[in-house]
2 protein chains.
Amino acid sequence: MSRKIDPRIKRTKRLFKEALISLIQENYDKSKLTVQTIAERAELNRATFYLHYRDIDDLMEQTINEILEELHETLKGATEDAHFTNGSNRLVSFLEHFYRNAGLYNVMLENKDFRKRVFAILLDIVIYWSEYRKKKGRSFNVPNEIVAASVLGIVTWWLEEGTPYSPNYLANFIVERFK
Amino acid sequence: MSRKIDPRIKRTKRLFKEALISLIQENYDKSKLTVQTIAERAELNRATFYLHYRDIDDLMEQTINEILEELHETLKGATEDAHFTNGSNRLVSFLEHFYRNAGLYNVMLENKDFRKRVFAILLDIVIYWSEYRKKKGRSFNVPNEIVAASVLGIVTWWLEEGTPYSPNYLANFIVERFK
DNA sequence: GTATTTTATTGACACGGTATCAATTAAACA
DNA sequence: TGTTTAATTGATACCGTGTCAATAAAATAC
């Protein structure tokens with residue numbers, strides 16, 4: 001019995017995901033994206049695609065899962081060495097991760113499912129931040145959801161505009177907004 | 001020479017737009033939307049579609065233009081009878097318009113072009129609001145773009161969650177956030 | 001290292017939607 | 001009422017999808 005994954009499968013799935021990401025990064029019109037195009041970019045046969053994915057949405061979903069896994073790892077690190085000054089260093093890690101993958105996230109955030117999951121992560125950050133502020137006697141005067149939605153709006157705009165501020169500078173604006 | 005528009009054209013274009021909107025409102029999967037489906041819903045022939053639109057994107061764009069035209073009209077009214085208390089009554093009109101057409105806007109805001117145009121309208125509102133505050137000596141401490149992006153994030157979330165607050169209540173939260 | 005198993009490739013297929021056309025029917029206009 | 005314009009109809013070539021059986025290539029087991 002094959003306990004380990006066949007290296008061909010691992011390679012094939014990696015190539016398809018890389019192909020999708022590279023096409024997305026090039027601003028390839030998402031509504032015109034075909035399995036053909038993805039397979040060509042991956043330098044694999046079209047039929048091979050269907051051995052691993054139901055359709056493009058399926059590939060997209062699996063790719064999203066991996067990206068968010070990465071984001072989670074990044075945030076985990078940020079929590080552990082927390083010498084935070086104003087409870088916002090998780091937010092900075094979050095923004096730095098988006099900054100590094102701006103082209104990808106800019107497109108991905110159009111996807112409703114993806115955005116909902118990013119929202120959930122942001123909400124966690126806000127709740128954590130909110131707890132920190134509560135201890136200092138400076139609670140938010142609006143629901144955490146509204147704070148998170150607000151931050152997501154700012155991040156989306158920031159990516160659309162080509163990240164005009166550094167992650168740190170943007171974080172300051174966001175924190176400033178909630179003084 | 002035909003100075004006036006042929007009533008058949010007017011009727012046909014209206015039917016196609018109504019068909020698109022009704023399908024969108026029903027949460028019809030946008031990526032699977034076909035010209036066939038739209039023509040059937042409009043009770044018109046598929047070939048007739050191509051007499052008026054290049055493709056679905058074209059129909060979408062023309063429909064977006066009309067919706068935003070309506071939004072502009074709404075806001076124009078709000079400015080004229082402005083007995084504003086805190087400079088935010090344009091914002092309330094904006095939210096009321098979105099509230100009335102929540103199902104449609106919720107889907108439309110996924111469209112990048114549409115969102116950019118709504119952002120521009122919001123930015124106008126924020127600038128107007130900002131001027132008002134400046135006179136009172138309470139300027140925003142962040143760029144207007146960031147305020148607008150923040151509001152758009154909140155509105156997007158509000159629509160996705162099925163408008164859990166009334167337009168007035170939400171406006172209060174937003175204004176509160178910028179105290 | 002050879003045999004066995006699993007994956008990838010190839011070429012073929014039916015299906016459905018696209019975009020366009022010429023011919024015909026129906027409606028609007030003058 | 002005659003002329004113009006729009007809508008319908010049926011046909012067409014084209015392209016992407018999803019699946020399949022046969023074959024080639026690579027990985028694993030012995």
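Note that the structure is predicted; figures quoted are calculated from it, not measured. Here is the naming used below: chain letters follow the sequence lines, and residue numbers restart at 1 for every chain.
- When each of Lys116(B), Lys30(B), Lys112(B) is tested with Glu110(A) by the rule salt bridge (Lys or Arg N to Asp or Glu O under 4.0 Å), just one qualifies, namely Lys112(B).
- Considering only side-chain N and O atoms, Tyr50(A) lies under 4.0 angstrom from the phosphate OP1 or OP2 of dG18(D).
- At a cut-off of 3.5 angstrom, counting only N and O atoms as typed in the model, there is no donor on one side facing an acceptor on the other between the side-chain of Arg8(B) and the base of dA7(D).
- In this structure, Tyr132(A) has its ring center no closer than 6.0 Å to that of Tyr128(A).
- In plain terms, the two heavy atoms of Gln25(B) and Leu104(B) that are nearest each other are OE1-N, 3.4 Å.
- With respect to Phe98(A), the ring pair (Phe, Tyr, Trp, His ring centres under 6.0 Å) criterion is satisfied by exactly one of Tyr165(A), Trp158(A), Tyr105(A): Tyr105(A).
- At whole-Å resolution of the value, CG in Asp57(A) and C1' in dG16(D) are 15 Å apart.
- Considering only side-chain N and O atoms, His52(B) lies nowhere under 4.0 angstrom from the phosphate OP1 or OP2 of dA6(D).
- Between the P atom of dA26(D) and the NZ atom of Lys10(A) lies a distance of 19 Å, rounded to the nearest Å.
- Out of dA6(D), dG16(D), dA27(D), the shortest distance to the side chain of Asp6(A) is found at dA27(D).
- Leu15(A) places its CG atom 12 Å from the C1' atom of dA8(C), with the value rounded to the nearest Å.
- Between the side chain of Arg46(A) and the base of dG18(D) there is at least one donor-acceptor pair of N/O atoms closer than 3.5 Å.
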Check the interface with nucleotides 22-24 of chain C: list each N/O to N/O pair with the protein under 3.5 Å, or write none.
none

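- Residue Ile127(B) is grouped with residue Ile121(B) when hydrophobic side chains (ILVMFWY) are merged at heavy-atom distances under 4.5 angstrom, including chains of intermediate members.
- The minimum heavy-atom distance linking Val92(A) with Ala171(A) is given by the pair CG2-CB, 3.8 Å.
- Judged by closest nucleotide on DNA chain C, Leu51(A) is the one of Leu51(A) and Thr34(B) placed further toward the 5' end.
- Remark: Thr12(A) is in phosphate contact with dA8(C), judged by side-chain N or O atoms under 4.0 Å from OP1 or OP2.
- Counting only N and O atoms by type, the side chains of Arg117(A) and Asn111(A) include no donor and acceptor under 3.5 Å apart.
- Asn45(B) comes within contact range of at least one nucleobase, with a heavy-atom separation under 4.0 Å.
- We find that CD1 of Ile5(A) is positioned 14 Å from C1' of dT6(C), with the value rounded to whole Å.
- Straight-line distance from the CG atom of Asp55(B) to the C1' atom of dG17(C): 13 Å, rounded to whole Å.
- Atom pair Ile56(B):CD1 and dA19(C):C1' shows a separation of 12 Å (rounding to whole Å applied).
- Sorted by first then second residue, the salt bridge (charged side-chain N to carboxylate O under 4.0 Å, His left out) pairs that include residues 53-73 of chain A, not counting sequence neighbours, are Lys17(A)-Glu66(A), Glu73(A)-Lys76(A).
- Protein atom CD of Gln36(B) is 10 Å distant from nucleotide atom P of dG16(C), rounded to whole Å.
- The separation between Leu44(B) atom CG and dA26(C) atom C1' is 14 Å, rounded to whole Å.
- Lys135(B) and Glu131(B) are not joined by a salt bridge, as no carboxylate oxygen comes within less than 4.0 angstrom of a charged side-chain nitrogen.
- For the helix from dG1(C)-dC30(D) to dA30(C)-dT1(D), the end axes, each set by the C1' atoms of five terminal pairs, are bent relative to each other by 30° (nearest 10°).
- Thr48(B) has a side-chain polar atom (N or O) that falls below the 4.0 Å cut-off from OP1 or OP2 of dT8(D).
- There is no side-chain donor-acceptor pair under 3.5 Å between Asn168(B) and Ser166(B).
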